[in-house]
Participant: 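Structure in structure tokens, see below.
The residues of the chain are indexed from 1 along the displayed sequence.
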Amino acid sequence: MSVYPGAYPATRMRRFRQRSWARELRAETRLHPCDLVLPVFVKDGIETPEPIETLPGVTRQSIDQVVETAREAHGLGIQAVAVFPVTDPKLKTEDGQEALKPDNLVCRTIQALKSQVPDIGVIADVALDPYTSHGHDGLIRDGDVANDETVETLAEQAVVLANTGADIVAPSDMMDGRVGAIRSALEAAGHPDTIILSYAAKYASALYGPFRDAVGSSTALSGASKRSYQMDPRNRDEALAEVSLDLGEGADAVMVKPALAYLDVIAAIRERFHVPVFAYQVSGEYTMVKAAGAAGVVDADDVMVEHLLAIKRAGAGTILTYAALDVAKALKGSS
């Protein structure tokens, strides 16, 4: 029988699979705590963490509690947290002006984090949906989200966040031209080094429900459809165009959201653009794994890591995930 170079039995792929040390030598993709960003939900007026029913294991926390969580995260090797405010409904208005107040909840949280856990990076969302009574990411005019007026407000919001100490501002609104406006505003305000992480490919997904429950925007959402500004799940080339435009306007890194359902988009962006690519394992993706684990269908911890590895293997260098603390602890324990 002829034996061709590289063919069985000269080559046996199982040789590197039979022992744990050999599998480690052969591993192509590795997950480390520094690859993860922990999203946190901050709320005024609570003394103990408030469980979020649709996000198992995740809580709304006071500013002091968020600081302690960030300190724990940094101790585990996580390098950044993303802060999301749970705004008092009484402070929500049609124009979302609370977003521009330097003493609002997210600004006070950023100040506390930078003063008490100075070595951890702080990411702050630039969008109006936590502050608007209608739950949209921008200003409503004639029943639709007004792009250019919204962009002006977003640029103001980004400066407020940078003034407060945010290391990364992350426009998640999907308005046209907002990255360029934010970059110009930051330069003019003396913040040339503030990083812009653009949610360049944020899809109109059915997987955001638990997040909206967490911040209290699910019941507020009314009027125009978010499909009028978030991306159509059927499109990939459009995402590449969005990334190209945002990079041209001054974005330092780009985000794909959700992650697992859009691995092909992550891979395409990584292949075409040599820039940092973030991905957000969104609330619905996280909750589905937790629910399957609670039902005894799968081992939730193993599946969570498998999903994160898939996201990283596709090309994301950094992953936002609600599982960051648990995964970081598991990785520390296995090292």
Participant: Check this for me, if you would: do K90 and E98 make a salt bridge, where the nitrogen-to-carboxylate-oxygen distance has to be below 4.0 angstrom?
Facilitator: no
Participant: Just how far is it from atom CG of N235 to atom CG of L240, taken to the nearest 0.5 Å?
Facilitator: 10.5 Å
Participant: In terms of heavy-atom contacts, does CZ of R23 have more than 12 from other residues, nucleotides or ligands at under 6.0 Å?
Facilitator: yes
Participant: So, are K43 and D88 salt-bridged, with charged N and O less than 4.0 Å apart?
Facilitator: no
Participant: Counting distance only, does the side-chain N/O of Q230 pair as donor-acceptor with the main-chain N or O of S228 below 3.5 Å?
Facilitator: no
Participant: May I ask you to decide if L139's main-chain N or O and T150's side chain share a donor-acceptor pair within less than 3.5 Å?
Facilitator: yes
Participant: Kindly compute the distance separating CD1 (I319) from CG (L308), expressed to the nearest 0.5 Å.
Facilitator: 5.0 Å
Participant: Between T11 (side chain only) and Y8 (backbone N and O only), is there a donor and an acceptor less than 3.5 Å apart?
Facilitator: no
Participant: Answer yes or no: does atom CG of D148 have more than 12 heavy-atom neighbours from other residues, nucleotides or ligands under 6.0 Å?
Facilitator: no
Participant: Going from CG on L128 to NZ on K92, what distance comes out if it is rounded to the nearest 0.5 angstrom?
Facilitator: 12.0 Å
Participant: How far apart are the C-alpha atoms of D173 and L154, what are their side-chain angles, what is the distance that settles it, and do they pass the side chain to side chain contact (heavy atoms under 4.5 Å, CB included) test?
Facilitator: CA-CA 9 Å; D173 55 286; L154 296 174; 3.1 Å; yes
Participant: For a quick test of reading the model, state the closest non-hydrogen atom pair linking F211 to Y322 and the distance between them.
Facilitator: CD1-OH, 3.3 Å
Participant: Short question: side chain of N104, backbone of K101 - any donor-acceptor pair under 3.5 Å?
Facilitator: yes
Participant: Are the side chain of Q157 and the backbone of A127 linked by a donor-acceptor contact shorter than 3.5 Å?
Facilitator: yes
Participant: For a quick check under 3.5 Å, do Q61 and T69 share a side-chain donor-acceptor pair by atom type?
Facilitator: yes
Participant: Between F278 and V254, is any pair of side-chain heavy atoms under 4.5 Å apart?
Facilitator: no
Participant: Could you give the distance from OG (S172) to CG (D137), rounded to the nearest 0.5 Å?
Facilitator: 5.5 Å
Participant: Would you confirm whether T59, through its side chain, and P51, through its main-chain N or O, come within 3.5 Å as a donor-acceptor pair?
Facilitator: no
Participant: Between the side chain of K312 and the main-chain N/O of R30, is any donor-acceptor distance below 3.5 Å?
Facilitator: yes
Participant: Calculate, to the nearest 0.5 Å, the distance between atoms CG and CD belonging to D237 and E242 respectively.
Facilitator: 12.5 Å
Participant: Check side-chain contact (heavy atoms from CB on, under 4.5 Å) between A146 and all other residues, then give those that pass, not counting sequence neighbours.
Facilitator: R141, E149
Participant: Count the heavy atoms belonging to other residues, nucleotides or ligands that lie under 6.0 Å from CZ of R26, then report whether that count exceeds 12.
Facilitator: no
Participant: Looking just at side-chain N and O atoms, do T318 and D35 make a donor-acceptor pair shorter than 3.5 Å?
Facilitator: no
Participant: Assess the residue pair E94 and T132 against the criterion (side chain to side chain contact (heavy atoms under 4.5 Å, CB included)); give the C-alpha distance rounded to whole Å, side-chain angles, the decisive distance to 0.1 Å, and a yes or no.
Facilitator: CA-CA 5 Å; E94 284 285 320; T132 55; over 6 Å; no
Participant: Looking only at heavy atoms, which two atoms of A201 and V265 are closest? And how far apart?
Facilitator: CB-CG1, 4.4 Å
Participant: Just how far is it from atom CE of M288 to atom NE2 of H307, taken to the nearest 0.5 Å?
Facilitator: 8.0 Å
Participant: Would you call the rings of Y280 and Y199 parallel, tilted or perpendicular, where under 30° means parallel and over 60° means perpendicular?
Facilitator: tilted
Participant: Which heavy atom in V122 sits nearest to a heavy atom in D167, and how many Å separate them?
Facilitator: N-OD2, 2.9 Å
Participant: Is there a path of hydrophobic side-chain contacts, each under 4.5 Å between heavy atoms, that joins L245 and M255?
Facilitator: no
Participant: For V179 and I196, work out which heavy atoms get closest and say how close.
Facilitator: O-CD1, 4.1 Å
Participant: Applying side chain to side chain contact (heavy atoms under 4.5 Å, CB included) to F41 and V215, what does each step give before you reach the verdict?
Facilitator: CA-CA 7 Å; F41 297 102; V215 298; 3.7 Å; yes
Participant: Considering all heavy atoms of both residues, which atom of V81 and which atom of A70 are nearest to each other, and what is their separation?
Facilitator: CG1-CB, 4.3 Å
Participant: Taking atom CD of E187 as the centre, does the number of heavy atoms from other residues, nucleotides or ligands within less than 6.0 Å exceed 12?
Facilitator: yes
Participant: Applying side chain to side chain contact (heavy atoms under 4.5 Å, CB included) to I78 and V37, what does each step give before you reach the verdict?
Facilitator: CA-CA 6 Å; I78 295 169; V37 171; 5.8 Å; no
Participant: Could you name each residue pair satisfying side chain to side chain donor-acceptor pair (under 3.5 Å) that touches residues 248-265, not counting sequence neighbours?
Facilitator: R183-D252
Participant: Please give me the minimum heavy-atom distance between A204 and R227, naming the atom from each residue.
Facilitator: CB-CG, 3.8 Å
Participant: Name the one of D44, D103, T164 that satisfies side-chain hydrogen bond (donor to acceptor under 3.5 Å, both in side chains) with R108?
Facilitator: D44
Participant: Ignoring hydrogens and geometry, is there a side-chain-to-backbone donor-acceptor pair from R270 to V277 under 3.5 Å?
Facilitator: no
Participant: Between D95 and T93, is any side-chain donor less than 3.5 angstrom from a side-chain acceptor?
Facilitator: yes
Participant: Verify whether one side chain among H134 and D129 offers a donor that lies under 3.5 Å from an acceptor in the other.
Facilitator: no
Participant: Is it true that, when you exclude Q18 itself, more than 12 heavy atoms of the residues, nucleotides or ligands shown sit nearer than 6.0 Å to its CD?
Facilitator: yes
Participant: Would you check if the side chain of R71 reaches a backbone N or O of Q116 as a donor-acceptor pair within less than 3.5 Å?
Facilitator: yes
Participant: Check whether T87 reaches the backbone of P130 with its side chain - one donor and one acceptor, N or O, closer than 3.5 Å.
Facilitator: yes
Participant: So does R234 have more than 12 non-hydrogen atoms from other groups sitting under 6.0 Å from CZ?
Facilitator: no
